[in-house]
Amino acid sequence: MYRAVLGIDTSNYKTSVAIVSQEGGIICNLQRFLDVKKGERGLRQSVALFQHVNRLPEMIEEAFAALPPDVCLSGVAVSSRPRPVDGSYMPVFLAGVSIARSIAAAKGVPLFFFSHQEGHVAAVQYGSLVEASPRFLSFHLSGGTTECLLVEGNHIQIVGGSKDLAFGQVLDRVGVALGYAFPCGQELDRLAAEEGSNGPVKGNLLPKIKCSEGYINLSGIETKCQQMIGHIDDKQLSVMLMERVCQAMADLAQQLSKKYHTEDILFAGGVSASSYIRKYLPDRLSGLKCCFGDPALSCDNAVGVALLGGRKIWL
């Protein structure tokens, strides 16, 4: 009889349920975006929580239906907070915690709590070039987070990132202003990839994002993008914005790799799933080991917390 762990993640953007086996295989990986009305740039916590509560039962049923008969559940893992630091809290995670506790109690198996950020890192570290690395830098780049983390074993320390907006927030705000449905990152990435198919953009009209000691500010470029809407083609604006994001990521990685003496760089979070960034960023990181995870595991998902739960049981 093989063993498996159920993982649950209820973020601001997506409801996720996954099951991973002791052998490291992903038995199922279910992800559903939360519903956001057109023109809006996100959801209130109460609305997001309500959607998670309504979706989780059906997704749990689907996950258990995918469980092979020769595999038994030996643990449940859930994201209970945004980051692994004191005081980190968001109500949306209560939905996942509630159902995870119920399932663990009903099955008589252990329950493990992790942060959403730890799950992001674990998901893309799985099967990557830094999977066995004891020390590396990881960028968590999502709709609400732009942080660089120094990962040493099970310890995560924030060592850089944005002081105001996240990359994902900039993409979403600009995309919504252009008339696209939230979240907008995938659509802007598609437009940028089409416009930049012949190479990186030249004559960029957007200001360069300045990096200082591993930190940046993004409100300025978001304001400039808003000012340019209506005066420039959507594709041109998208590729100029993605180019600036890509360059800022490269500058941050170079600065922090020198400061913390590591060449291993892992990119996690939905923004890191960008086809434009994956195509043009590695060339700017010469001398560094630049690692991207599976795009399906780069965005919000429950695979990472399930893998972390498995480590608690099987290692």
Side-chain angles (χ1 to χ4, degrees), residues 4-21 24-36 42-43 45 47-67 73 76-82 90 92-100 103 114-128 140-145 166 168 171-172 175 180-190 267-275 278 292-310:
V5 170
L6 170 70
I8 300 172
D9 181 56
T10 51
S11 72
N12 279 335
Y13 296 87
K14 191 183 289 181
T15 313
S16 305
V17 176
I19 298 178
V20 302
S21 70
I26 300 173
I27 295 173
C28 73
N29 178 19
L30 309 176
Q31 305 175 29
R32 310 267 173 83
F33 276 113
L34 300 182
D35 296 325
V36 180
L43 296 170
Q45 288 282 298
V47 176
L49 179 62
F50 182 74
Q51 289 194 32
H52 286 312
V53 169
N54 280 331
R55 290 179 175 189
L56 277 170
E58 180 181 353
M59 294 177 70
I60 293 295
E61 290 173 355
E62 186 177 346
F64 276 108
L67 200 62
L73 192 70
V76 179
V78 62
S79 56
S80 59
R81 54 182 178 164
M90 279 188 180
V92 285
F93 293 104
L94 295 176
V97 169
S98 177
I99 198 164
I103 293 171
F114 302 99
S115 70
H116 177 71
Q117 189 170 73
E118 289 171 300
H120 258 303
V121 174
V124 292
Q125 187 181 7
Y126 170 73
S128 76
H140 179 190
L141 310 165
S142 66
T145 305
L171 296 173
D172 287 333
Y180 300 110
F182 178 94
C184 309
Q186 290 184 351
E187 184 62 22
L188 294 192
D189 180 53
R190 181 187 67 80
F267 293 93
V271 176
S272 72
S274 159
S275 60
R278 287 168 178 251
F292 291 97
D294 182 335
L297 299 181
S298 296
C299 303
D300 292 2
N301 64 83
V303 172
V305 291
L307 290 169
L308 289 171

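The analysis underlying the following values was restricted to heavy atoms, covering all of them including side chains, and did not include hydrogens, waters or symmetry mates. Computed from a predicted structure; not experimentally measured.
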Any residue meeting side-chain hydrogen bond (donor to acceptor under 3.5 Å, both in side chains) with [X], in chain and number order, not counting sequence neighbours:
X      : result
Gln117 : His140, Glu147
Gln186 : none
Asn301 : none
Tyr180 : Asp234

Separation of [Y] [atom2] from [X] [atom1] (nearest 0.5 Å):
X      : Y      : atom1 : atom2 : result
Asp189 : Ser275 : CG    : OG    : 3.5 Å
Leu56  : Ile99  : CG    : CD1   : 5.0 Å
Asp294 : Cys299 : CG    : SG    : 9.5 Å
His120 : Thr145 : NE2   : OG1   : 7.5 Å
Ile27  : Leu6   : CD1   : CG    : 10.5 Å
Ile103 : Ile8   : CD1   : CD1   : 4.5 Å

Checking [X] now: which residues fulfil side chain to side chain contact (heavy atoms under 4.5 Å, CB included) with it, not counting sequence neighbours?
X      : result
Gln45  : Asn12, Met90, Pro91, Val92
Ala122 : Leu308, Arg311
Ala302 : Asp9, Ser16, Ala18, Val305
Val36  : Glu40, Leu43, Phe182

Residue pair [X] / [Y]: nearest heavy atoms and the distance that separates them:
X      : Y      : answer
Ala77  : Phe114 : CB-CE1, 3.9 Å
Ser298 : Ala273 : CB-CB, 4.0 Å
Pro82  : Ser115 : O-CB, 3.8 Å
Thr15  : Met59  : O-CE, 3.3 Å
Ser79  : Thr10  : OG-N, 3.8 Å
Ala63  : Ile19  : O-CD1, 3.5 Å

Under the rule for ring pair (Phe, Tyr, Trp, His ring centres under 6.0 Å), what residues qualify as partners of Phe292, not counting sequence neighbours?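 Here the qualifying residues are Phe267.
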Are the side chains of [X] and [Y] in touch, meaning some heavy atoms are under 4.5 Å apart?
X      : Y      : value
Ser142 : His116 : no
Pro183 : Asp172 : yes
Ile26  : Tyr126 : yes
Val47  : Leu34  : no

Which pairs with one or both residues in residues 26-35 pass side-chain hydrogen bond (donor to acceptor under 3.5 Å, both in side chains), sequence neighbours excluded?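 Passing the test, one end in residues 26-35: Lys14-Gln31, Asn29-Gln31, Arg32-Glu62, Asp35-Arg55.
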Glu118: which residues meet the salt bridge (charged side-chain N to carboxylate O under 4.0 Å, His left out) condition with it, sequence neighbours left out?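 Once residues adjacent in sequence are excluded, Glu118 has no partner under the salt bridge (charged side-chain N to carboxylate O under 4.0 Å, His left out) criterion.
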